[in-house]
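One structure is given below, encoded as structure tokens.
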Amino acid sequence: MKIATYNVNGIHARLPVLLRWLEETAPDVACLQELKTPQEKFPEQALLDIGYQAVWHGQKSWNGVAILAKGQKPEEVGRGLAGDPEDDQSRYLEAMVNGVLIGCLYLPNGNPAPGPKFDYKLRWFDRFKTRAKELLASDAPVVLAGDYNVIPTEQDAYKPERWVEDALFRPESRAAFEDLKDQGWTDALRHLYPAETIYTFWDYFRNAYGRNAGLRIDHLLLSPKLTNSLVSAGVDREVRGWEKSSDHGPVWIELNI
DNA sequence: ATGACCCGATCTTCGGGA
């Protein structure tokens with residue numbers, strides 16, 4: 001079972017690239033972030049035409065997450081996180097596919113930091129950790145996939161010294177990610193490739209992709225019972241070089257279940 | 001040190017992204 005995550009940075013602008021990537025790599029499940037489209041304008045039919053059914057949580061202009069499955073309808077479990085009734089941003093969606101619970105997340109960026117946006121990021125992270133702990137207590141195998149907007153370690157940035165004041169790399173953000181993993185989650189890519197340079201994002205400026213000036217901020221976390229099922233993982237980094245690409249590349253894992 | 005590039009808004013310019 002192949003599960004991927006891809007921050008598309010606008011699903012309408014990205015549709016040709018998204019469809020090509022799905023057809024060429026054929027993931028069984030694809031978690032998408034930054035749809036940037038209202039609920040009613042999600043391009044459901046274009047995905048159906050190539051064999052993908054979807055559940056999604058849209059929002060005008062910003063955010064938005066979706067879970068796609070090949071040849072079947074993802075069974076939605078829930079949307080949004082508990083703990084803040086005033087939070088109306090579309091950043092979290094859960095669905096079951098083939099007995100695996102998939103959590104698709106778009107964690108807040110948090111810049112500028114410090115400030116209210118950084119506070120929101122850390123509060124959101126706390127609410128997410130609460131949900132993650134609940135999921136660990138359930139029976140289902142779980143994959144938490146998405147754009148975490150966290151650079152976990154110095155190994156995960158092209159020039160980490162440039163990011164020390166940034167919300168993606170500040171100690172609070174890294175500590176939150178560590179706390180989450182300490183619940184029992186496995187960072188799939190890092191687990192298979194402990195010493196490799198792995199990036200999932202290259203910004204649009206300064207020819208970052210051409211220079212491989214990237215960050216690793218998109219992650220797939222596995223619940224304990226899935227760790228032994230992990231057989232391979234990677235980043236489809238060539239997609240970042242396609243015409244009209246997102247600034248993120250797709251990240252995927254293959255589970256033997 | 002700065003600004004560089006994209007997105008979706010409905011504005012020919014802006015906020016947000018990371």
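Computed from a predicted structure; not experimentally measured. First the proteins, then the strands, lettered A, B, ... as listed; each starts at 1.
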Using the [atom1] atom in both, what is the distance from [N] to [M], to the nearest Å?
N	M	atom1	value
dT13(B)	dA1(B)	C1'	25 Å
dT12(B)	dT2(B)	C1'	25 Å
dG15(B)	dT10(B)	C1'	14 Å
dC14(B)	dA4(B)	P	14 Å

Considering only [options], which nucleotide approaches the side chain of [X] most closely?
X	options	value
Lys60(A)	dG17(B), dA18(B), dA9(B)	dA9(B)
Ser61(A)	dA9(B), dA18(B), dC7(B)	dA9(B)
Arg206(A)	dC7(B), dG17(B), dA4(B)	dA4(B)
Tyr204(A)	dA9(B), dA18(B), dC5(B)	dC5(B)
Arg14(A)	dA18(B), dC6(B), dG16(B)	dC6(B)

Tell me what [X] touches on the nucleic acid: a base, only sugar-phosphate, or nothing, going by heavy atoms under 4.0 Å.
X	value
Asp147(A)	sugar-phosphate
Lys117(A)	sugar-phosphate
Asn149(A)	sugar-phosphate
Tyr106(A)	sugar-phosphate

Would you say the side chains of Asn9(A) and Gln33(A) form a donor-acceptor pair under 3.5 Å?
no
Expressed as a whole number of angstroms, how long is the span from [X]:[atom1] to [N]:[atom2]?
X	N	atom1	atom2	value
Leu15(A)	dG8(B)	CG	P	11 Å
Leu168(A)	dG16(B)	CG	P	16 Å
Gln59(A)	dC7(B)	CD	P	19 Å
Asp166(A)	dA18(B)	CG	P	10 Å
Asp203(A)	dG3(B)	CG	C1'	11 Å
Gln33(A)	dC7(B)	CD	C1'	16 Å
Tyr148(A)	dA18(B)	OH	P	15 Å
Asp156(A)	dA18(B)	CG	P	16 Å

What I'd like to find out is whether the side chain of Asp166(A) reaches to under 4.5 Å of the side chain of Asn111(A), using heavy atoms alone.
yes
If you find the nucleotide of DNA chain B closest to Asn7(A) and the one closest to Phe205(A), which residue's nucleotide is nearer the 5' end?
Phe205(A)
Ranking Ser245(A) and Gln89(A) by the position along DNA chain B of their nearest nucleotide, the one closer to 5' is Ser245(A)
Basic-acidic side-chain contact under 4.0 Å: [X], [Y]:
X	Y	value
Glu172(A)	Lys121(A)	no
Arg240(A)	Asp247(A)	no
Arg20(A)	Glu23(A)	no

Any side-chain N or O of [X] less than 4.0 Å from the OP1 or OP2 oxygen of [N]?
X	N	answer
His248(A)	dG17(B)	no
Lys41(A)	dG8(B)	no
Asn9(A)	dC6(B)	no

Aromatic rings Phe177(A) and His219(A): how do their planes relate, parallel, tilted or perpendicular, breaks at 30° and 60°?
tilted
